[in-house]
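Protein chains get the first letters and strands the later ones, always in sequence-line order, with residue 1 at the start of each. In this text the structure is predicted, and so the values were computed from the model without any measurement.
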Amino acid sequence: MPIMSQRMTDIPKAYDPHNVEKKWYEFWMERGYFRPGIDPDRKPFVIIMPPPNVTGELHLGHALTATIEDLMIRWHRMKGDPTLWLPGVDHAGIATQFVVEQNLASQGLSRHDLGRERFLERVWEWISKYRGAISEQHQRLGVSCDWERECFTMDEGPSRAVRTTFLRLYDKGLIYRGERIINWCPRCTTALSDLEVEHQELPAHLYYIRYRLAGDDGYITVATTRPETILGDTAVAVNPSDERYTGLVGKKAALPVIGRLIPIIAHDAVDPAFGTGAVKITPSHDPVDFEVGQEHGLELVNILNPDGTMNENAGPYAGLDRFACREAILADLKNEGLFIETKPHVHSVGHCCRCGTAVEPWASKQWFIKIAPLAVPAIDAVVDGRVRIIPERFTKVYLNWLENIRDWCISRQLWWGHRIPVWYCDRCGEIIVAVDEPQACTQCGSADLVQDPDVLDTWFSSGLWPHSTLGWPEQTDDLKYFYPTSVMETGYDILFFWVARMVMMGLENTGQVPFDTVYLHGLVRDEKGEKMSKVKGNVLNPLDAIDQYGTDALRFALSTGTSPGNDIRLSSQRLEGARNFANKLWNAARFVAGNMQQGTKTAGVVPDGLPLEDRWILSRLNRLLITVNRLMDDFQFGEAERQIHDFLWGEFCDWYIEMAKLRLNESPSPIPVLGHVLETSLRLLHPFMPFITEEIWQNLRERLGDPAPDSIMIAPYPIGDDTAIDADAERQMNLVIDVVRAIRNERAEFRVEPSKWIEAFVVAHDSRPALEAQAAAIQTLARARPLHLIGPEDARPDKAKTLVLTGAEVFLPMAGMIDVEAERARLQSEIEQNKADIARFESRLDDEKFASRAPAHIVERERDRLQGCRDRATRLAQRLAELS
RNA sequence: GGGCGGUUAGCUCAGUGGCUAGAGCGCUUGCUUCACACGCAAGAGGUCACUGGUUCAAGUCCAGUACCGCCCACCA
């Protein structure tokens, strides 16, 4: 005992994460544990980390990604798999250019003041300043990724992969340049893909406007939500079957204000029931109108400048902002008597996902990927199961998107990003697409080549990430060994942006799927369920959470009791709960360490001949190990953690340690099972809470005589042994627990002072030997002394509180405190309840179909239960009779 | 207009056909019990949204309804 109390003072009472996290992270790094051990005979486990924005800050979504990926990685590493987790960062075209431009703006400069080259220098400076912050944040989260393989999308390797892919797709005719309607952001002054546009339903107006007919004093009335685009109209269309307008088709109408004459045409796409049944056609600024224009050979009249102001085609309105122009034109129409009426109308307006500005559909010359041919193999891969999506419901979402996919606009009018590898010959106009910069025109030999000024959509390089990071297009050793990767873990919000494109590009470039499994996690929300955003100010910085609660607590809070694809609400209460669990574990370890004498063997513990509580906890532990391994295999990490938590707190601490204390009071000889269960649990928990488990494990290791590796992170992951499962021990222990709880319950009910001992009689039936062996424990845990273990026939106290349990009865003689009437009523109600139970079990068992169709062990269990209820019924009845 | 998800204790959520449906937080009562007050013990609290179906057995599977949320879509 002196040894124990002495040691206890060595270890602080509360777990302090800050003293341990840095220490162990450095230790792991120094030892090189994060590097994969390559074994050509073993299939590796590989995760490529979703690359965060190079100039960004990690938010809780990244913390969740890091947590789930790290737990998978650590688990596989402990299982002995060659394990690679490859980190990286993304150049994030628009986002990065945006922050650097804002920084310039604070100095009163625009990127145009600097020019392209100097602007890019600024971007690189900015990156060199902020890039390290991301990895530092990641390291504080405990990520065990291979930093030596860290990649940046703008590195030479991935950049070459980008150009190579571009060339290959161009040669195949899958990349083309063409004039199409794209989404234009006037603030970012670049084209966007359809995915980068967020549609919002907004209340607006439908304006009815008259166009004068040419050579006639009649009118045709159109309805539009965007009167300013009148200036770009090149036709009015009606449905060919619409009799109201049959006479007008082929005639001309004059545009209001500017008077330009446009034809009236017939087209199926016009819905006669909408508005007036006549629609103005603006091929330059509307996707449907563009199609109509193509079919009818209509002219494209662009009326906008890149910044959203009106251009010279807008005549008197040139220079006005598009929204100011709308008001101005409406006023003029009213003056001219061409404005008829306005009706409220809800329609959806696209906004730039980066800056929130309303985007303009705009006919513009851009580069596109003809994506449908690439989608087909990506669909097949998921349909035939080469790629599995978790949770499964997203399979349908994925397939639906790919089946209806439209060409992908990949050119961006930005400076920061992968420059499009296309050169134009100034002399002959030849278009040269090449991986390396050409020195002369392949056609005419001229050296006057100008590279396309645009850059590629950031997601183009992201789509190549799983193979470009491993060395593609070179057939590197890494590519050969680690590709295809194992799991792609990311948020469901980028299923289309990223996951689908990786499948398409991976298959296209390598002929293989990029990963076997897609694991999609949910969004992290605040305690009110709202999306975290800087604007709302409800963003919780992961580092703040770590400072306050510790990394393990943050990881535990983010991943426990959650399920794939479902959003997570993170609150301070949740973090506190996780921190409390870490502290509980810490203190359990403090207790165990204090009782572990130097050289106590904890490995190779066998249940044979051990006391009941030892056999019980070993049985429970092994059940847990089997369950957790099954859950991990099945990607149910949150449930696995919950089970570990419940075992450690509710079984190991609440019962096993409490009973161990009694034994240690009797005799100071060490209890190997105590150390064994803790040590095994630490390894089981390590992937989820890496720091505290390492700290305790190392501390324990010094006391262990067993040979062990230098770190818990390379120790073997525990697997269950079903021969350790001992149903008898569990049954007996349950009875002990029931008896103790029953007595405690009554003590509380009768307000017996906590320190006071009370006398108890326990009638044991089949389990009498077990209860006798546990008499001392029951006494102490229930504070019941003297405790009389008696037979069913033995005399028991007269006026006693009686508790009829399934395998025992407890009598508590509480002099003067028993109300016989109340006691009788209570027993009567228990009898009623018991009767109902019996009836339920009987009717189930009497059903022949149940007996014949239910599995044998279920039938058996129901029989046992019925028997237990019947026994109890008898004893309840007896007891009631005794009371009268 | 299509599709998906949710609806389980006061709150937040687990529960992937089989005990009498669980946890954390909150609440009530009592405890400075020698690992832990970031704790211990006891307790209250449920028509698993609703209707029907499949099954020996449904919170769990199927169909429909209601409400909430999300995604997709060229509704001028």
Side chain of [X] only, heavy atoms from C-beta on: which candidate in [options] is closest?
X      : options                : value
A/P754 : B/rG30, B/rA73, B/rA76 : B/rG30
A/F850 : B/rA41, B/rG18, B/rA42 : B/rG18
A/V288 : B/rA41, B/rC74, B/rC19 : B/rC74
A/W649 : B/rG18, B/rG39, B/rG5  : B/rG39
A/N566 : B/rC19, B/rG5, B/rU20  : B/rG5
A/F496 : B/rA76, B/rA14, B/rC71 : B/rC71
A/S563 : B/rA76, B/rA14, B/rG39 : B/rA14
A/R579 : B/rG5, B/rC38, B/rC40  : B/rC38

Does a side-chain N or O of [X] approach OP1 or OP2 of [N] to a distance below 4.0 Å, or not?
X      : N      : result
A/W401 : B/rC4  : no
A/R406 : B/rC74 : yes
A/H347 : B/rC74 : no
A/K13  : B/rA37 : yes
A/N580 : B/rA37 : no
A/R844 : B/rA57 : no
A/R590 : B/rC36 : yes
A/N745 : B/rG43 : yes
A/R569 : B/rU12 : yes

Inset, instruction - Return the value, rounded to whole Å, for the distance between atom CG of A/L866 and atom P of B/rU20. - result: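 Taking CG of A/L866 and P of B/rU20, I get 12 Å after rounding.
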Inset, instruction - Give the rounded distance in Å between these two atoms: CE of A/M659 and P of B/rA35. - result: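 Interatomic distance, CE of A/M659 to P of B/rA35: 17 Å.
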Is any side-chain N or O of [X] under 3.5 Å from a base N or O of [N], one able to act as donor and the other as acceptor?
X      : N      : result
A/K661 : B/rA35 : yes
A/E658 : B/rA35 : yes
A/E201 : B/rC75 : yes
A/K584 : B/rC36 : yes

Legend entry - For RNA chain B, stems built from three or more consecutive Watson-Crick or G-U wobble pairs below 3.5 Å: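 Stem segments, range with range: B:1-7 with B:66-72, B:10-13 with B:22-25, B:27-31 with B:39-43, B:49-53 with B:61-65.
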Legend entry - Stepwise salt bridge (charged side-chain N to carboxylate O under 4.0 Å, His left out) check, A/R406 with A/D194: CA-CA 9 Å; A/R406 287 155 50 207; A/D194 295 338; 3.2 Å; yes
Inset, instruction - Look up atom NE2 in A/H521 and atom OG1 in A/T490, then write down how far apart they are to the nearest 0.5 Å. - result: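 Spacing of NE2 (A/H521) from OG1 (A/T490) equals 5.5 Å.
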Legend entry - Sugar-phosphate only, base, or nothing, as touched by A/R840 at under 4.0 Å among non-hydrogen atoms: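 Contact class for A/R840: sugar-phosphate only.
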Sticking with atom [atom1], work out how far [N] lies from [M], rounded to a whole angstrom.
N      : M      : atom1 : result
B/rA63 : B/rC19 : P     : 25 Å
B/rG52 : B/rA42 : C1'   : 43 Å
B/rG43 : B/rG64 : C1'   : 41 Å
B/rG59 : B/rA21 : C1'   : 8 Å

Inset, instruction - Measure the acute angle between the ring planes of A/Y492 and A/F394, then classify it against the limits of 30° and 60° as parallel, tilted or perpendicular. - result: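 Parallel: the ring planes of A/Y492 and A/F394 meet at under 30°.
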Can you check nucleotides 60-69 of chain B for protein contacts, nitrogen or oxygen pairs under 3.5 Å, and list what you find?
none

Legend entry - Qualifying ring pair (Phe, Tyr, Trp, His ring centres under 6.0 Å) pairs with a residue from residues 565-590 of chain A, counting only residues at least two apart or across chains: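 Sorted result for residues 565-590 of chain A: A/Y15-A/W586, A/F556-A/F581, A/F581-A/H645.
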